[in-house]
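Let me begin by presenting the structure, written as structure tokens, before commenting on it.
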Amino acid sequence: MFCLLQIQWNCDMIHTYRNPTISMSTAKALLGRKPAPVMASFSSRGPNPIVPSILKPDLTTPRVNILSSYSLAASASNIVSNKHRGFPFNVFQGTPMSYPQITGVVGLLKTLHPNWSPAAITSAITTTTSTRDNTKKPIRDAFDKTLATPFAYGSGHVQPDIAMDPGLVYDITITDYLNFLCASGYDQKLIIALNSNNHFTCSNSHTTKDLNYPSIALPNLELSAIKVTRTVTNVGPPSTYIASVKLHGFKIVVVPNTLTFKKEKFQVIVQAKKGIKRGDYRFDYNSLANKTTHKCQAATI
């Protein structure tokens, strides 16, 4: 099947070269390839054009050369003129190949933690990702052969085993979402409609950056200090977490710096040490870690 795909992709070569040749070999699995993962060149990139204060993408999962079930009635190359049919499996790439994998991770977490909200599950997945490949080096970007950034992989590459026990989660309530819509400019009539026709009064004190998202993105940052509030919930054993964040060119303070709690708010105060040019982005990760096995990290942009 893989050879058939390769032949279809290279059919144009017949008209390009005088004596083209095609070689075929037995398919084999290549295991332990390094470095991996690498961000695919065709992967969508940030920043978020609609709400820049919400980091997109959220994270990355395997999406290239994924062996998947396939319709027996479809062409092996997905081209109608190709008459080869009857293949139960095929190899694909792209974002649609990420969907079933992350859905499986969500199903795993919902089974283990049936009372968790969708936001809590999202938080558990995104705050336990990795930004390192299997050589322990930063993940690279195939698009321009440089190191990838959160605008390519979001919080990082998914790690389902660690997501099962994240320690802390950033949860989001319906009220949080409605205040986010208020800050985004939605009018009262539409917000009530989205709230199942129940009345809701906007707080008028929220901004889009205040949504309790497991990342912090601050577009158009100037020299004045900006305060961002987040609320974390301890879903693990009683423990003390210590905040850690450092970003070159910025003064960042977390208040309080130490959390011993079930559910508690904290503020991140960010101030640029000098003017930042428009379109110039700085990336790092802030983390809350205890003295045992839990580390909850969030991208800071």
Side-chain angles (χ1 to χ4, degrees), residues 54-55 58-61 102 104-134 136 138-139 150 153-177 180 209-218 226-247 250-270 283-301:
I54 301 296
L55 173 63
D58 289 299
L59 75 165
T60 189
T61 70
I102 203 64
V105 177
V106 171
L108 170 65
L109 297 190
K110 191 64 176 178
T111 300
L112 292 173
H113 309 285
N115 295 324
W116 281 10
S117 68
I121 291 175
T122 299
S123 172
I125 296 173
T126 57
T127 59
T128 56
T129 54
S130 174
T131 59
R132 300 275 170 171
D133 60 27
N134 56 5
K136 306 301 182 183
I139 294 175
Y153 53 55
S155 61
H157 194 269
V158 64
Q159 299 186 110
D161 52 339
I162 303 178
M164 293 189 295
D165 183 22
L168 303 176
V169 295
Y170 294 77
D171 207 355
I172 303 177
T173 66
I174 292 177
T175 299
D176 293 330
Y177 283 120
F180 173 77
K209 69 178 184 297
D210 291 320
L211 183 67
N212 201 41
Y213 215 66
S215 63
I216 297 175
L218 300 174
I226 292 181
K227 295 181 180 180
V228 180
T229 302
R230 291 292 185 269
T231 301
V232 284
T233 302
N234 187 351
V235 294
S239 186
T240 297
Y241 285 80
I242 300 175
S244 175
V245 58
K246 187 177 181 180
L247 185 59
F250 293 84
K251 178 183 178 181
I252 303 179
V253 179
V254 180
V255 182
N257 183 259
T258 301
L259 302 175
T260 302
F261 61 100
K262 176 62 179 176
K263 184 175 183 179
E264 190 169 334
K265 289 185 178 181
F266 66 92
Q267 279 192 332
V268 180
I269 305 172
V270 182
F283 307 95
D284 207 337
Y285 289 83
N286 65 78
S287 67
L288 291 165
N290 62 11
K291 293 182 179 180
T292 55
T293 59
H294 294 110
K295 181 179 180 180
C296 177
Q297 69 175 22
T300 303
I301 300 175

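- Rounded to the nearest 0.5 angstrom, Asn134 CG and Ile139 CD1 are separated by 10.0 Å.
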Inset, instruction - Apply side-chain contact (heavy atoms from CB on, under 4.5 Å) to Ile269 and Ile226, showing your working. - result: CA-CA 6 Å; Ile269 305 172; Ile226 292 181; over 6 Å; no

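- Each of Thr126, Thr60, Thr129 was evaluated against Ser155; a single residue qualifies, Thr129, per the side chain to side chain donor-acceptor pair (under 3.5 Å) test.
- Here Glu264 contributes atom CD and Leu168 contributes atom CG; the two are 10.5 Å apart, rounded to the nearest 0.5 Å.
- The minimum heavy-atom distance linking Ala217 with Leu55 is given by the pair CB-N, 4.4 Å.
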Inset, instruction - Evaluate side-chain contact (heavy atoms from CB on, under 4.5 Å) for Ile54 paired with Phe180, printing each intermediate quantity in order. - result: CA-CA 11 Å; Ile54 301 296; Phe180 173 77; 4.1 Å; yes

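- Val235 is not listed as a side-chain neighbour of His113, based on a closest heavy-atom distance of 4.5 Å or more.
- At distances below 3.5 Å, not a single donor-acceptor pair connects side-chain atoms of Asp176 with backbone N or O atoms of Leu211.
- Tyr177 places a side-chain heavy atom less than 4.5 Å from the side chain of Ile172.
- For the pair Lys263 (side chain) and Asn234 (backbone), a donor-acceptor distance under 3.5 Å is absent.
- Screening Thr240, Ile242, Val232 for a side chain to side chain contact (heavy atoms under 4.5 Å, CB included) with Leu259, the sole residue that qualifies is Val232.
- Remark: side-chain polar atoms of Arg230 are not paired, donor with acceptor, to backbone N or O of Ile216 under 3.5 angstrom.
- Around atom CD1 of Ile174, no more than 12 heavy atoms belonging to other residues, nucleotides or ligands sit under 6.0 Å away.
- Between the Gln159 side chain and the Thr128 main chain, a donor and an acceptor come within less than 3.5 Å of each other.
- The distance from atom OG1 of Thr173 to atom CG of Asn212, rounded to the nearest 0.5 Å, is 8.5 Å.
- Remark: Lys110 NZ is packed, more than 12 non-hydrogen atoms of other residues, nucleotides or ligands lying under 6.0 Å away.
- For the residue pair Asp58 and Tyr213, a side-chain donor N or O sits within less than 3.5 Å of a side-chain acceptor on the partner.
- Taking the side chain as every heavy atom from C-beta outward, Leu109 and Ile125 approach each other to under 4.5 Å.
- For the 3.5 Å distance criterion, the side chains of Thr233 and Asp171 fail to qualify, holding no donor opposite an acceptor.
- Rounding to the nearest 0.5 Å places OG of Ser130 at 8.5 Å from NE2 of His157.
- A 4.5 Å side-chain heavy-atom check between Tyr170 and Thr231 finds every atom pair outside the cut-off.
- By the 4.5 Å heavy-atom criterion applied to side chains, Lys209 and Leu218 are counted as neighbours.
- At least one donor-acceptor pair under 3.5 Å links the side chain of Asp133 to the backbone N or O of Lys136.
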